[in-house]
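Numbering of ligands and ligand atoms starts at 1, following listing order. Only heavy atoms go into these numbers, but all of them, side chains included; no hydrogens, no water, no symmetry mates. The residues of the chain are indexed from 1 along the displayed sequence.
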Amino acid sequence: MPKRPPKDAADLIPDHPTLTRVRAASRDCHACDLWKRGTQTVFGEGGPKAEVMFVGEQPGDAEDLAGRPFVGPAGKLLDRVLAEVGIDRTTVYVTNVVKHFKWEPRGKRRIHKKPNAAEIAACRPWLDTEIQLVRPRALVCLGATAAQALLGRAFKLTANRGAFVPSSLAPLVLATVHPSSILRAPDADVRRRETERFTEDLRLVVRALRGTHQ
Ligand code: SF4
């Protein structure tokens, strides 16, 4: 069999993977150029057998510095909504399709830049391994980048958010907005309405897990 290029992330996955071993291996990943600008690899985090996995786009500024996913403003919003729908954050697994922060400078700030298709593909072995190891009952894509990476590039978040979609990734798969998009809303009214919609989407997941779809 032809050998893959040594930079491929798949070559770094340990033979007998556990989340701890895979997380450690991901620290040395150079499978795309994003490692050069990010402070560190931000691997997923949460229960090794979590019932629900949330997948976002990439770590943000706060996550890049902390080395942990969803600890910045968007993560705090996610925490609040999880509490609202009765999900304990410590029982879920949170991760991203891309494990390094992609950014560009604007003055003294580091501004989020969307990862491209090659970066998403390069990072995919890490996410696939997380999904295989955690085997969540419900997988929630947060935002269009995660949804299209996992459900296909033709997936339209605007048309299909909040609906369960058939997928081999998990028994229950649903896409909704990324909480950071709610924080970017132009005013408090829109933010409140979008937070309510986001809460309803996550409530659907809770009901489906409990076997009640009302
Ligand atoms: S973004 Fe992913 S593929 Fe690229 S260097 Fe980081 S961990 Fe590796």
Dump the intermediate steps for side-chain contact (heavy atoms from CB on, under 4.5 Å) on I131 and M53, then the final yes or no.
-> CA-CA 8 Å; I131 296 171; M53 178 182 282; 3.7 Å; yes
For atom 8 (Fe) of ligand 1, grab the closest protein heavy atom and report residue, atom and distance to one decimal in Å.
-> C29 SG, 2.3 Å
Among all protein heavy atoms, pick the one closest to atom 4 (Fe) of ligand 1 and tell me residue, atom and distance.
-> C32 SG, 2.3 Å
So if I count the atoms of ligand 1 from 1 in the order they appear, which ones are less than 4.0 Å from some heavy atom of [X]?
X    : answer
A122 : 3 (S)
A31  : 3 (S), 5 (S), 8 (Fe)
V98  : 1 (S)

Answer with yes or no after comparing the ring centroid distance for H178 and F54 against a 6.0 Å cut-off, counting only values under it.
-> no
Can you check whether H100 and W35 have ring centres sitting under 6.0 Å from each other?
-> no
Determine whether Y93 and E45 make a side-chain contact, defined as any pair of heavy atoms from C-beta on separated by less than 4.5 Å.
-> no
Check: I111 and P105 side chains under 4.5 Å, non-hydrogen atoms | no
With a 4.0 Å cut-off on heavy atoms, is S26 touching ligand 1?
-> no
Quick look: C123 vs ligand 1, heavy-atom contacts under 4.0 Å, and the answer is both
Heavy atoms of D8 and A31 approach each other most closely as C-CB, 4.3 Å
Atom 6 (Fe) of ligand 1 to H100: nearest N/O/S atom name | ND1
